[in-house]
Amino acid sequence: MPRFYFHIRCHGEPLSRDEAGLDFPDVVTAHNQVLRAAQDLHGAFVVRGRSPHDCTIEVENASGELVISLPFAAIFNGQAKAVGPHSVG
């Protein structure tokens, strides 16, 4: 199963790298997981007194290729939606 790494990039800060990664059957499943993860991460930002709206979740595959880049703002504003099997890639 392919491995995907979920990094967080915030304006003016170094990239927060996911060193462990997660296994998903395909990039579509990884994309939909980004949406769920963003909801979980929103609370972590709030606890730190920060807004995630100036941050992006970047997903790389095991080869280090960027396969998904979704701004938190797009996720929370409803512009990023879950996708079906032939929508991403």
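Everything numeric in this text was worked out from a predicted model, so none of it was measured. The basis for the numbers below is simple: all heavy atoms, side chains too, and nothing from hydrogens, waters or symmetry mates.
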ask   = Between Asn32 and Arg36, is any pair of side-chain heavy atoms under 4.5 Å apart?
value = yes

ask   = Do you know which two heavy atoms are closest between Arg17 and His7, and how far apart they sit?
value = CA-ND1, 3.3 Å

Under 3.5 Å donor-acceptor, Arg3 side chain and Ala20 backbone = yes

query = Does Ile75 reach the side chain of Leu35, with side-chain heavy atoms less than 4.5 Å apart?
reply = yes

inquiry  = Is there a side-chain contact between Phe76 and Gln39 in this structure, where contact means two heavy atoms from C-beta onward sitting under 4.5 Å apart?
reply    = yes

ask   = Taking side chain as C-beta onward, heavy atoms only, is Gln33 less than 4.5 Å from Phe4?
value = no

remark   = Shortest non-hydrogen pair, Pro52 vs Phe45, comes out as CB-CD1, 3.5 Å

key: Atom pair CD1/CZ of Ile57 and Arg9 - distance to nearest 0.5 Å   = 13.0 Å

message = Using every non-hydrogen atom in the two residues, find where Ile8 and Cys55 come nearest and quote the distance to one decimal.
response = CG2-CB, 4.3 Å

Test applied, side chain to side chain contact (heavy atoms under 4.5 Å, CB included); reference residue, Phe6; option that passes from Ile68, Asp18, Leu41 = Asp18

query = How far apart are the closest heavy atoms of Tyr5 and Ala62, and which atoms are they?
reply = CE1-CA, 4.0 Å

key: From CG (Asp54) to CD (Glu13), nearest 0.5 Å   = 7.0 Å

note = Output for pair (Asp26 CG, Asn61 CG), nearest 0.5 Å, gives 12.5 Å

